[in-house]
Amino acid sequence: MKRIATLSALPALLLIAACSQEPVRSAADEAKPVAEITASDAWCRPSPNGAQAAACYVTLISEANDKLMGGKTPRASELQVHEMKTDNGVMKMNQILTGMDLKQGQAVMLAPGGAHLMLIGLTAPLVAGETVPLTLEFAAAPAVTVEAEVRQPRARDAQHGGH
């Protein structure tokens, strides 16, 4: 009798095992690929000894509308996105807390005198000739890591002034 009870429970066990498996997904169910962002021309200004902050710049092109949210670097405790604006004749710098808009297919230049990256809490001065790894984080796209050259502004960069 025990043998019959065991065999009669087998179909129920097989049914439970089959129901607990994840469903098979078709190709149509797969998520669409995430749009990527291309970063180029990354550079940072050298920082004088003792400085706790430094400005960096980069050009970004996104395959879809997205936002640059900030990032990280081993060279500072924070990597923030900032903007420069003139308010009543006074140039002011503010952190962009909600992220900087990136429009699909449009180049966005973070440059002196405008939007830029601020490295806050430097671990050591940024010295001309070295490179700094910057990992940029976005609202939707995967993070992008670039090696930013530390250098003085070129003539075309210097015309923007400020950070």
Side-chain angles (χ1 to χ4, degrees), residues 22 25-163:
E22 290 187 34
R25 299 207 286 168
S26 69
D29 293 335
E30 292 297 318
K32 293 180 182 177
V34 176
E36 292 187 6
I37 295 177
T38 303
S40 61
D41 303 322
W43 65 282
C44 300
R45 289 179 184 268
S47 63
N49 286 335
Q52 290 299 303
C56 298
Y57 314 96
V58 65
T59 299
L60 302 171
I61 300 176
S62 180
E63 292 178 350
N65 291 338
D66 207 336
K67 286 182 179 252
L68 172 62
M69 301 305 294
K72 58 188 172 186
T73 178
R75 297 297 303 272
S77 58
E78 293 182 66
L79 187 158
Q80 302 175 352
V81 182
H82 283 215
E83 65 183 341
M84 300 288 289
K85 286 187 174 180
T86 303
D87 186 16
N88 293 325
V90 178
M91 184 73 90
K92 294 183 178 183
M93 179 178 66
N94 296 306
Q95 182 180 2
I96 305 173
L97 296 171
T98 59
M100 188 177 84
D101 288 331
L102 302 175
K103 301 290 184 203
Q104 179 181 3
Q106 293 181 9
V108 175
M109 291 179 59
L110 282 73
H116 58 279
L117 305 171
M118 284 299 296
L119 307 186
I120 309 292
L122 293 175
T123 58
L126 302 187
V127 179
E130 70 178 342
T131 59
V132 176
L134 306 174
T135 299
L136 307 178
E137 297 170 344
F138 306 93
V144 173
T145 300
V146 296
E147 290 291 328
E149 174 190 9
V150 179
R151 63 174 172 78
Q152 293 295 334
R154 296 182 182 130
R156 65 183 164 97
D157 301 324
Q159 67 185 346
H160 295 286
H163 284 309

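Counting from 1, the numbers follow the sequence of the chain as shown. All figures in this text were calculated on a predicted structure; none of them were measured in a lab.
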Considering only heavy atoms from C-beta outward, does the side chain of [X] approach that of [Y] to under 4.5 Å?
| X | Y | value |
| --- | --- | --- |
| Thr145 | Leu136 | no |
| Val150 | Val127 | no |
| Leu60 | Val144 | no |
| Leu134 | Val58 | no |

Enter the distance from [X]:[atom1] to [Y]:[atom2] here, rounded to the nearest 0.5 Å.
| X | Y | atom1 | atom2 | value |
| --- | --- | --- | --- | --- |
| Leu110 | Asp41 | CG | CG | 11.5 Å |
| Asp66 | Met100 | CG | CE | 11.0 Å |
| Asp101 | Leu68 | CG | CG | 10.5 Å |
| Gln106 | Asn65 | CD | CG | 8.5 Å |
| Thr131 | Arg151 | OG1 | CZ | 13.5 Å |
| Lys92 | Thr86 | NZ | OG1 | 10.5 Å |

task: Quick one: which residue pairs count as a side chain to side chain donor-acceptor pair (under 3.5 Å) with a foot in residues 69-82, not counting sequence neighbours?
output: Arg75-Glu130, Glu78-Gln80, Gln80-His82
field: Candidate pair Ile37 and Ile61, rule side chain to side chain contact (heavy atoms under 4.5 Å, CB included), full reasoning
entry: CA-CA 6 Å; Ile37 295 177; Ile61 300 176; over 6 Å; no
Restricting to non-hydrogen atoms, name the atom on [X] and the atom on [Y] that form the minimum distance, rounded to 0.1 Å.
| X | Y | value |
| --- | --- | --- |
| Leu122 | Ala54 | CD1-CB, 4.0 Å |
| Ile96 | Glu83 | CD1-CB, 3.8 Å |
| Phe138 | Ala143 | CD1-CA, 4.4 Å |
| Pro133 | Glu147 | CB-OE2, 3.5 Å |
| Pro125 | Ser47 | CA-OG, 3.3 Å |
| Met69 | Ala139 | CG-N, 3.6 Å |

field: Side-chain donor or acceptor of Gln104 paired with backbone N/O of Glu63 under 3.5 Å
entry: yes
message: Could you go through Ser40 and Thr59, starting from their C-alpha distance and side-chain angles, then the distance that decides it, and tell me whether this counts as side-chain hydrogen bond (donor to acceptor under 3.5 Å, both in side chains)?
response: CA-CA 5 Å; Ser40 61; Thr59 299; 4.7 Å; no
